[in-house]
Amino acid sequence: DNYMKKIYMRLMAILVIVFLLWILDTQLFGYVMTDFLSIIKMGDIVSYNHTLVLIGGIPTIIVMTISFVRILFSKSFKYQNFPKSIEAWVTCAVVIPFAVGLIADCIAPFFFLASSYTRCPQEKFDDYHVIDISLCETIIDNRRFW
């Protein structure tokens, strides 16, 4: 019975790790990064959908993945704190990017209001900002999953 519980817990940890890696893949190679690079380039068409806070959350996903891998390979199968020598650095690496992303995410809409960008009026393109409103007709949105 205890043996089956350990197997079940390890399988659950593996599923969580796979899920976290999928989220990380989406953030680094999917529409989140596409939106982020669009904001960095500031071209004629900019896509923005709370991208900055999602980018700021990447270190959190990485630390959570490392924590679950450590749990998976521990004998007691319990969370273990990071070594004291790096715990403060890990905390800063998680908190600071997330806080910066959250603050930037709150400021970004005001930036778009104050800039020459106009939000596309079509509902399906409501997270696109363009220099010229006629560019909304040329957008092909291939960022969605479904």
Side-chain angles (χ1 to χ4, degrees), residues 1-115 117-120 122-131 135-136 138-146:
D1 187 39
N2 195 21
Y3 179 73
M4 290 303 286
K5 184 177 178 183
K6 284 184 179 181
I7 290 175
Y8 174 75
M9 295 300 285
R10 292 202 191 283
L11 285 174
M12 292 307 292
I14 290 169
L15 286 175
V16 169
I17 291 167
V18 168
F19 178 71
L20 290 171
L21 289 173
W22 175 70
I23 291 173
L24 192 60
D25 177 65
T26 301
Q27 288 179 318
L28 292 176
F29 305 108
Y31 72 93
V32 174
M33 189 57 69
T34 302
D35 283 1
F36 182 68
L37 293 175
S38 169
I39 292 169
I40 297 295
K41 291 177 186 174
M42 293 303 288
D44 292 343
I45 301 173
V46 174
S47 57
Y48 171 76
N49 189 10
H50 304 292
T51 305
L52 301 173
V53 73
L54 294 173
I55 292 292
I58 289 174
T60 305
I61 300 297
I62 292 170
V63 169
M64 287 175 58
T65 305
I66 291 169
S67 296
F68 271 94
V69 169
R70 291 178 72 212
I71 290 169
L72 182 65
F73 291 111
S74 71
K75 290 186 189 278
S76 63
F77 201 71
K78 292 186 178 170
Y79 175 77
Q80 300 167 358
N81 290 337
F82 284 96
K84 292 285 184 197
S85 59
I86 65 167
E87 189 172 6
W89 290 104
V90 169
T91 302
C92 287
V94 167
V95 171
I96 292 172
F98 185 75
V100 169
L102 186 62
I103 292 167
D105 210 49
C106 293
I107 294 171
F110 296 107
F111 166 77
F112 285 117
L113 285 174
S115 71
Y117 286 92
T118 306
R119 186 179 218 158
C120 286
Q122 298 93 331
E123 186 177 327
K124 64 180 180 177
F125 298 135
D126 66 346
D127 55 344
Y128 282 91
H129 298 79
V130 293
I131 294 289
L135 291 172
C136 292
T138 65
I139 295 174
I140 300 172
D141 188 0
N142 56 1
R143 300 173 304 151
R144 305 282 182 230
F145 289 118
W146 326 114

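Atoms considered below: every heavy atom in the structure, side chains included; atoms not considered: hydrogens, waters and symmetry mates. For reference, positions follow the sequence shown, starting with 1.
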Residue pairs, two or more places apart or on separate chains, that pass side-chain hydrogen bond (donor to acceptor under 3.5 Å, both in side chains) and touch residues 87-108: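 Output for this query lists Y48-D105, H50-D105.
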
Inter- and intrachain pairs under side-chain hydrogen bond (donor to acceptor under 3.5 Å, both in side chains), touching residues 54-64, at least two apart: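 Matches after skipping sequence neighbours: none remain.
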
How long is the gap from [atom1] on [X] to [atom2] on [Y], to the nearest 0.5 Å?
X: M33; Y: T51; atom1: CE; atom2: OG1; result: 10.0 Å
X: L37; Y: S47; atom1: CG; atom2: OG; result: 9.5 Å
X: L72; Y: S67; atom1: CG; atom2: OG; result: 12.5 Å
X: I39; Y: L52; atom1: CD1; atom2: CG; result: 4.5 Å
X: I17; Y: L24; atom1: CD1; atom2: CG; result: 13.0 Å
X: L28; Y: I23; atom1: CG; atom2: CD1; result: 12.0 Å

Which pair of heavy atoms, one from [X] and one from [Y], lies closest together, and at what distance?
X: C92; Y: P97; answer: O-CD, 3.6 Å
X: P59; Y: A93; answer: CB-O, 3.1 Å
X: Q27; Y: I55; answer: O-CD1, 4.4 Å

Please examine the side chains of [Y] and [X], heavy atoms only from C-beta on, and report whether any two atoms are closer than 4.5 Å.
X: I131; Y: Y117; value: yes
X: L54; Y: D35; value: no
X: I66; Y: V90; value: no
X: F82; Y: V63; value: yes

Using a 3.5 Å cut-off and no angle test, enumerate the donor-acceptor pairs between side-chain atoms of residues 106-114 and protein atoms at least two apart in sequence or in another chain.
none

Stepwise side chain to side chain contact (heavy atoms under 4.5 Å, CB included) test for I58 and V32: CA-CA 11 Å; I58 289 174; V32 174; 5.9 Å; no

Mutual orientation of the aromatic rings belonging to F19 and W22 [parallel < 30°, tilted 30-60°, perpendicular > 60°]: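 Rings of F19 and W22: tilted, as their planes differ by 30° to 60°.
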
Residue pairs fulfilling salt bridge (Lys or Arg N to Asp or Glu O under 4.0 Å) with at least one residue in residues 2-16, sequence neighbours excluded: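 Every pair satisfying salt bridge (Lys or Arg N to Asp or Glu O under 4.0 Å) with a residue in residues 2-16: there are none.
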
Pairs satisfying salt bridge (Lys or Arg N to Asp or Glu O under 4.0 Å), at least one member in residues 51-66, at least two apart: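 Listed once each, the pairs would be none.
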
Residues which pass ring pair (Phe, Tyr, Trp, His ring centres under 6.0 Å) with F98, listed by chain and number, not counting sequence neighbours: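 If we apply the ring pair (Phe, Tyr, Trp, His ring centres under 6.0 Å) test to F98, skipping adjacent residues, there are no hits.
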
F68, CZ atom: more than 12 neighbouring heavy atoms under 6.0 Å: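 No, the 6.0 Å shell around CZ holds no more than 12 heavy atoms from other groups.
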
Donor-acceptor pair, side chain of S38 and main chain of T34, under 3.5 angstrom: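 No, S38 side chain to T34 backbone: no donor-acceptor pair under 3.5 Å.
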
